[in-house]
Engineer: 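Structure in structure tokens, see below.
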Amino acid sequence: HLSQCARPPTRRKRLPAPLPKPERYAHYLFENGLMVEQFSDAKRARIAFEPWGRFYQTRNQEMKEKVDLLRSDFATQLRRLGPRGIQLDYLDQTLHGCIETRSESHLAKLSPHLEAEFKQVFLDARELLPTDPSVSHVVDWFVPGGWPESFVESIMRYLRTILHFRLQPLQALVEAACTLPENRP
């Protein structure tokens, strides 16, 4: 099916909302006063999470769009299978339409959990900094094995889980299409 998709995959030159880079992130923290001013821990963590949250939300939205495109491309292939394929496509569209809003609202509830996980590791890492931290202290967080690496792994686990969740109905649809009995009037 992928070789017959109506829309060939497009390549972007620049990835929107990339993961924070060490020096840029350090400057972001200092520019927003998160390393020297007295903010509440919740506000400090919320502002520090924004670049990570943008990466997560952008990748999540991209996955949704690509799975939806794959579903619509596969619907074209289903309709070519005759009356049974058309029925299967109709059933898929109906079920998808019924559950999409609810499932997306539940998936949106994952972001606060990710932010809470970030808050803990960020505040713990900040506590270990000297009283007058510099950019190089923040950059040191990004050494291999540092908390940002662990947090990126956590973000990727969330995204893989969401992708798997979104692909399950499509996988079932493909399996059903492969087992359609011969089309008879």
Side-chain angles (χ1 to χ4, degrees), residues 1-22 24-25 28-29 41-78 88-125 141-142 144-179:
H1 167 70
L2 289 174
S3 66
Q4 298 174 4
C5 279
R7 294 173 203 90
T10 58
R11 296 270 182 207
R12 293 185 185 156
K13 292 184 179 181
R14 183 180 175 277
L15 187 66
L19 281 169
K21 303 274 189 255
R24 281 187 168 180
Y25 189 63
Y28 170 82
L29 294 177
D41 284 347
K43 184 174 183 178
R44 184 185 315 277
R46 188 176 64 249
I47 295 169
F49 177 71
E50 284 179 13
W52 306 92
R54 272 194 307 273
F55 173 82
Y56 170 77
Q57 295 297 342
T58 302
R59 298 296 88 71
N60 189 13
Q61 186 60 36
E62 284 176 348
M63 286 188 317
K64 180 183 180 337
E65 290 169 4
K66 289 185 182 202
V67 170
D68 287 346
L69 284 174
L70 189 57
R71 171 175 266 110
S72 68
D73 287 341
F74 191 65
T76 304
Q77 300 297 321
L78 278 176
L88 190 57
D89 177 45
Y90 178 76
L91 177 63
D92 174 62
Q93 288 180 23
T94 303
L95 288 172
H96 181 68
C98 290
I99 65 172
E100 181 180 29
T101 303
R102 184 112 189 203
S103 63
E104 289 300 319
S105 71
H106 285 297
L107 290 175
K109 293 177 183 177
L110 292 175
S111 186
H113 292 285
L114 189 63
E115 188 171 349
E117 183 179 331
F118 174 83
K119 177 182 178 182
Q120 188 61 49
V121 295
F122 173 77
L123 293 176
D124 288 348
W141 285 344
F142 289 83
W147 73 263
E149 183 178 305
S150 300
F151 187 66
V152 168
E153 289 172 9
S154 187
I155 290 173
M156 298 313 286
R157 265 194 318 275
Y158 274 68
L159 291 172
R160 280 190 301 272
T161 301
I162 291 170
L163 180 62
H164 180 70
F165 175 79
R166 287 188 175 135
L167 286 176
Q168 279 182 333
L170 194 54
Q171 182 179 357
L173 180 63
V174 170
E175 290 171 6
C178 290
T179 59

Engineer: Taking side chain to side chain contact (heavy atoms under 4.5 Å, CB included) as the test, write out the residues that go with L110, two or more places apart.
Structural biologist: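 For L110, the residues satisfying side chain to side chain contact (heavy atoms under 4.5 Å, CB included) (neighbours in sequence not counted) are Y56, L107, Y158, I162.
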Engineer: Do the side chains of Q171 and E175 get nearer than 4.5 Å, heavy atoms only?
Structural biologist: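 Contact flag for E175/Q171 side chains = yes.
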Engineer: Residues in side chain to side chain contact (heavy atoms under 4.5 Å, CB included) with P22, at least two apart?
Structural biologist: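 Once residues adjacent in sequence are excluded, the partners of P22 under the side chain to side chain contact (heavy atoms under 4.5 Å, CB included) criterion are V139, F142.
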Engineer: Which residue pairs pass the salt bridge (Lys or Arg N to Asp or Glu O under 4.0 Å) test with at least one member in residues 97-107, sequence neighbours excluded?
Structural biologist: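 Of all non-adjacent pairs touching residues 97-107, those that pass salt bridge (Lys or Arg N to Asp or Glu O under 4.0 Å) are K64-E100, E104-R166.
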Engineer: Do the non-hydrogen side-chain atoms of H96 and P169 ever get within less than 4.5 Å of each other?
Structural biologist: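 No, their side chains stay 4.5 Å or more apart.
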Engineer: When the side chains of residues 47-55 are checked against the rest of the protein, which donor-acceptor pairs come out under 3.5 Å, sequence neighbours left out?
Structural biologist:
from, atom 1, to, atom 2, distance (Å)
E50, OE1, Y28, OH, 3.3
W52, NE1, Y25, OH, 3.3

Engineer: Write down the atom of P144, the atom of E149, and the distance for their closest heavy-atom approach.
Structural biologist: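 Result for this residue pair: CA-OE1, 3.3 Å.
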Engineer: Please report the interatomic distance CG(L159) to CD(Q57), rounded to the nearest 0.5 Å.
Structural biologist: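 Answer rounded to 0.5 Å: 9.5 Å.
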Engineer: According to the salt bridge (Lys or Arg N to Asp or Glu O under 4.0 Å) rule, which pairs have a member within residues 106-115, sequence neighbours left out?
Structural biologist: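 Applying salt bridge (Lys or Arg N to Asp or Glu O under 4.0 Å) to every pair that reaches into residues 106-115, excluding sequence neighbours, yields nothing.
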Engineer: Which value, rounded to the nearest 0.5 Å, describes the distance between E117 atom CD and S150 atom OG?
Structural biologist: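 The OG atom of S150 is 9.5 Å from CD of E117, to the nearest 0.5 Å.
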Engineer: Looking at residues at least two apart in the chain, or sitting in another chain, which of them share a side chain to side chain contact (heavy atoms under 4.5 Å, CB included) with Q168?
Structural biologist: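 Expected list: H164.
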Engineer: Quick one: which of D73, L91, L173 gives a side chain to side chain contact (heavy atoms under 4.5 Å, CB included) with L78?
Structural biologist: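 Of D73, L91, L173, side chain to side chain contact (heavy atoms under 4.5 Å, CB included) with L78 is met by L173 alone.
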Engineer: Using the side chain to side chain contact (heavy atoms under 4.5 Å, CB included) rule, take T58 and Q61 through it: C-alpha gap first, then chi angles, then the decisive distance, then the call.
Structural biologist: CA-CA 5 Å; T58 302; Q61 186 60 36; 5.9 Å; no
